[in-house]
**Student:** 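Before anything else, here's the structure in question.
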Amino acid sequence: MELLGKTVVVTGGGRGLGRAYCESLAEQGANVVAADIRDTGNTIEAVKSAGGHAIGVHLDVTDPISCNDMANAAIEAYGRIDSLVNNAALYGDISGGRFDQISDSQWDNVMNVNIKGIWNCCRACVPSIRESGGGTIINISSLAATYGMPYALDYAMSKAAVIGMTRSLARELGRDWIRVNAVAPTAVLTEGTEEYMGEKMEKALAVIASNQALSANLEPKDMVGTISFLVSDASKFITGQTIMVDGGTTLL
Ligand SMILES: NC(=O)c1ccc[n+]([C@@H]2O[C@H](COP(=O)([O-])OP(=O)(O)OC[C@H]3O[C@@H](n4cnc5c(N)ncnc54)[C@H](O)[C@@H]3O)[C@@H](O)[C@H]2O)c1
């Protein structure tokens with residue numbers, strides 16, 4: 001995949017899947033902006049020690065000013081933005097629970113980070129992507145959105161909204177040659193998944209794998225190809241789509 005010289009912003013790039021995306025995109029020649037409310041030091045160190053280009057930026061996706069500062073830092077470092085990977089979300093940082101026992105504050109936080117956060121980052125980055133002559137936005141949804149996920153109504157709803165936002169933005173931004181797609185993974189073995197599933201993880205992962213045509217659990221390295229493809233010009237006529245990376249759980 002040809003990513004040389006493309007500037008790609010990855011939100012939530014401090015750990016887990018976001019970090020894997022940063023490392024892989026940089027390895028393929030992209031200039032990476034790893035943006036996170038967490039420290040991004042480990043990501044930047046890993047990219048640089050592999051010979052890649054990356055900067056770390058502190059970002060709170062719920063704060064439009066922070067999002068603008070992030071976009072400005074990207075432009076200052078690399079002169080342009082070509083792609084935005086909206087990966088930041090409340091996932092590992094929240095706890096599951098019955099639908100009527102989710103606290104109001106968790107509900108509001110999940111919607112604020114997982115939905116409004118994407119809108120904020122798009123508002124901050126689209127002017128620069130447009131100025132670059134077009135580019136790509138990749139929004140991270142989840143199998144939870146299409147399959148349903150018990151004890152995670154807030155999370156599953158927020159990830160379903162990501163698909164709706166992707167479709168509307170794709171139609172609106174096509175005239176600027178900005179392609180907008182979503183990626184919906186099944187459970188991936190990350191720190192976030194360990195935190196979210198806790199002691200039930202082993203059993204849950206076995207059930208998830210048994211529902212797939214390809215019966216195994218995903219690792220972060222299994223996700224990077226889809227992201228690279230959607231960032232690259234290899235996916236030039238794909239927009240508004242949701243790509244399920246779920247081992248064949250959902251067959252569209
Ligand atoms: N791991 C999975 O099984 C899985 C499955 C489907 C979808 N996803 C999605 O993939 C993405 C990454 O998942 P992960 O497993 O690496 O989870 P994770 O919880 O480790 O990563 C989320 C990242 O977002 C960051 N973040 C949270 N709030 C933020 C804010 N306000 N501003 C900026 N950054 C913020 C966190 O610091 C963290 O680095 C998430 O969107 C998640 O919903 C994960």
Side-chain angles (χ1 to χ4, degrees), residues 9-24 33-44 56-67 69-71 84-96 106 108-121 124 138-149 152 154-163 165-166 182-198 200-201 204-205 208-209 212 216-224 226-227 242-247 249-250:
V9 172
V10 180
T11 70
R15 72 169 194 176
L17 284 165
R19 179 176 164 179
Y21 302 152
C22 289
E23 289 183 30
S24 159
V33 179
D36 204 311
I37 204 161
R38 277 191 166 78
D39 182 52
T40 54
N42 288 340
T43 303
I44 303 306
V57 179
H58 182 267
L59 168 71
D60 179 355
V61 297
T62 66
D63 175 4
I65 294 170
S66 174
C67 295
D69 289 347
M70 173 272 287
L84 167 65
V85 181
N86 282 309
N87 165 79
L90 289 181
Y91 167 56
D93 294 311
I94 53 171
S95 44
Q106 176 169 304
D108 291 344
N109 286 340
V110 167
M111 303 309 159
N112 208 17
V113 174
N114 296 11
I115 306 173
K116 198 171 177 194
I118 294 183
W119 181 48
N120 285 337
C121 289
I138 293 126
N139 298 325
I140 306 302
S141 176
S142 168
L143 177 64
T146 57
Y147 192 82
M149 187 171 173
D154 48 355
Y155 178 76
M157 262 189 67
S158 73
K159 291 297 183 178
V162 170
I163 295 175
M165 182 159 32
T166 298
V183 174
T186 184
V188 190
L189 301 168
T190 63
E191 292 155 278
T193 295
E194 274 174 40
E195 289 170 7
Y196 187 81
M197 293 185 175
K200 297 188 185 120
M201 184 164 96
L205 290 176
I208 288 166
Q212 298 171 189
N217 292 124
L218 274 181
E219 294 178 38
K221 65 180 165 49
D222 301 320
M223 286 298 304
V224 298
T226 307
I227 302 298
T242 299
I243 302 203
M244 309 302 303
V245 187
D246 65 0
T249 308
T250 312

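Just so you know, ligand 1 is whichever comes first in the structure, and atom 1 is the first atom listed for that ligand.
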**Student:** In terms of side-chain heavy atoms, does D246 have a donor or acceptor partner in T250 at a distance below 3.5 Å?
**Tutor:**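 The answer is yes; a qualifying pair exists.
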**Student:** Which pair of heavy atoms, one from I140 and one from K159, lies closest together, and at what distance?
**Tutor:** O-NZ, 2.9 Å
**Student:** Can you list the atoms of ligand 1 that are under 4.0 Å from a heavy atom of G16?
**Tutor:** 16 (O)
**Student:** Counting only heavy atoms closer than 4.0 Å, does ligand 1 sit against the backbone of K159, its side chain, both, or neither?
**Tutor:** side chain
**Student:** May I ask you to decide if C67's main-chain N or O and N120's side chain share a donor-acceptor pair within less than 3.5 Å?
**Tutor:** no
**Student:** Can a non-hydrogen atom of A187 be found less than 4.0 Å from any atom of ligand 1?
**Tutor:** yes
**Student:** With respect to atom 27 (C) of ligand 1, which of A89, A88, A145 exhibits the smallest heavy-atom separation?
**Tutor:** A89
**Student:** Would you mind running through ligand 1 and noting each atom that sits below 4.0 Å from a heavy atom of G92?
**Tutor:**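 In order of number, 19 (O).
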**Student:** One thing to verify: whether D93 and R38 come together as a salt bridge, which I'm taking to mean a side-chain N less than 4.0 angstrom from a carboxylate O.
**Tutor:**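 So R38 pairs with D93 through a salt bridge.
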**Student:** Regarding atom 26 (N) of ligand 1: of the candidates N120, N86, N217, D36, which has the closest heavy atom?
**Tutor:** D36
**Student:** Run the numbers on T40 and V57 for side-chain contact (heavy atoms from CB on, under 4.5 Å), then give the verdict.
**Tutor:** CA-CA 7 Å; T40 54; V57 179; over 6 Å; no
**Student:** Backbone, side chain, both or neither: what part of S141 comes under 4.0 angstrom of ligand 1, heavy atoms only?
**Tutor:**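 The backbone, only.
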**Student:** Looking only at distance, does G14 have an N or O less than 3.5 Å from an N or O of ligand 1?
**Tutor:** no
**Student:** What pair of heavy atoms forms the shortest contact from N217 to L205, and how long is it?
**Tutor:** ND2-O, 3.2 Å
**Student:** Can a donor-acceptor pair be found between the side chains of T166 and N139 at a distance below 3.5 Å?
**Tutor:**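 T166 vs N139: donor-acceptor pair found between side chains.
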**Student:** Identify the protein heavy atom lying closest to atom 10 (O) of ligand 1, giving its residue, its atom name and the separation to 0.1 Å.
**Tutor:** I140 CG2, 3.4 Å
**Student:** In ligand 1, which numbered atoms sit nearer than 4.0 Å to a non-hydrogen atom of S142?
**Tutor:**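 Result: 6 (C), 7 (C).
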**Student:** What protein heavy atom is closest to atom 32 (N) of ligand 1, reported as residue, atom name and distance in Å?
**Tutor:**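 Ranked first by proximity to atom 32 (N) of ligand 1 is V61 N, 3.0 Å.
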**Student:** Classify the side-chain pair D154/Q106 by whether it contains a donor and acceptor separated by less than 3.5 Å.
**Tutor:**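 Side chains of D154 and Q106: pair found under 3.5 Å.
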**Student:** Any heavy atom of Y196 sitting closer than 4.0 Å to ligand 1?
**Tutor:** no
**Student:** Taking all non-hydrogen atoms of both residues into account, name the closest pair between V224 and A20 and its distance.
**Tutor:**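 Of all heavy-atom pairs spanning V224 and A20, the closest is CG1-O, 3.7 Å.
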**Student:** Considering non-hydrogen atoms only, spot the tightest contact between T11 and A88 and give its length.
**Tutor:** OG1-N, 2.9 Å
**Student:** To check your reading of the model: name the closest protein heavy atom to atom 13 (O) of ligand 1, its residue, and the distance in Å.
**Tutor:** L17 CD1, 3.8 Å
**Student:** At what distance is the nearest protein heavy atom to atom 43 (O) of ligand 1, and which residue and atom is it?
**Tutor:** Y155 OH, 2.6 Å
**Student:** Counting from 1, what ligand 1 atoms have a heavy atom of G12 closer than 4.0 Å?
**Tutor:**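 Within the 4.0 Å cut-off of G12, ligand 1 contributes 23 (C), 24 (O), 25 (C), 39 (O).
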**Student:** So, 4.0 Å and heavy atoms of T193: is ligand 1 close enough to count as a contact?
**Tutor:** yes
**Student:** Out of V188, T40, V113, V110, whose heavy atom is nearest to atom 3 (O) of ligand 1?
**Tutor:** V188
**Student:** Any idea which part of T11 is under 4.0 Å from ligand 1, heavy-atom wise: side chain, backbone, both or neither?
**Tutor:** neither
**Student:** Please determine whether a side-chain nitrogen of the Lys or Arg among E195 and R15 lies less than 4.0 Å from a carboxylate oxygen of the Asp or Glu.
**Tutor:** yes
**Student:** Distance to 0.1 Å, residue and atom name: give those for the protein heavy atom nearest to atom 6 (C) of ligand 1.
**Tutor:** P185 O, 3.3 Å
**Student:** Counting heavy atoms only, which part of T190 comes closer than 4.0 Å to ligand 1: side chain, backbone, both or neither?
**Tutor:** side chain
**Student:** Nearest heavy-atom pair of Y196 and Y91: which atoms, and what distance?
**Tutor:**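 In terms of heavy atoms, the two residues are closest at CD1-O, 3.4 Å.
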**Student:** Could you find the nearest protein heavy atom to atom 38 (C) of ligand 1 and give me its residue, atom name and distance?
**Tutor:** R38 NH1, 3.5 Å
**Student:** Do T186 and Y147 meet the criterion of a side-chain donor-acceptor pair at a distance under 3.5 Å?
**Tutor:**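 Looking only at side-chain atoms, Y147 and T186 do not form any donor-acceptor pair under 3.5 Å.
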**Student:** May I ask you to check whether D93 has an N/O atom sitting below 3.5 Å from an N/O atom of ligand 1?
**Tutor:** no
**Student:** Look at atom 11 (C) of ligand 1 and say which protein heavy atom is nearest, naming residue and atom and giving the distance to 0.1 Å.
**Tutor:** N87 OD1, 3.1 Å
**Student:** Any atom of ligand 1 sitting under 4.0 Å from a heavy atom of L218?
**Tutor:** no
**Student:** Do N114 side-chain atoms and M111 backbone N/O form a donor-acceptor pair below 3.5 Å?
**Tutor:**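 Checking the backbone N and O of M111 against the side chain of N114, no donor-acceptor pair under 3.5 Å is found.
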**Student:** Counting non-hydrogen protein atoms only, what is the nearest one to atom 17 (O) of ligand 1? Give residue, atom name and distance.
**Tutor:** Y91 CD2, 3.5 Å
**Student:** Below 4.0 Å from ligand 1: does a non-hydrogen atom of R15 turn up there or not?
**Tutor:**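 Yes, that is the case, since the closest heavy atom of the residue is under 4.0 Å from the ligand.
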**Student:** Give the minimum heavy-atom separation between L218 and P185, together with the two atoms involved.
**Tutor:**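 Closest approach of L218 to P185: CD1-CB, 4.5 Å.
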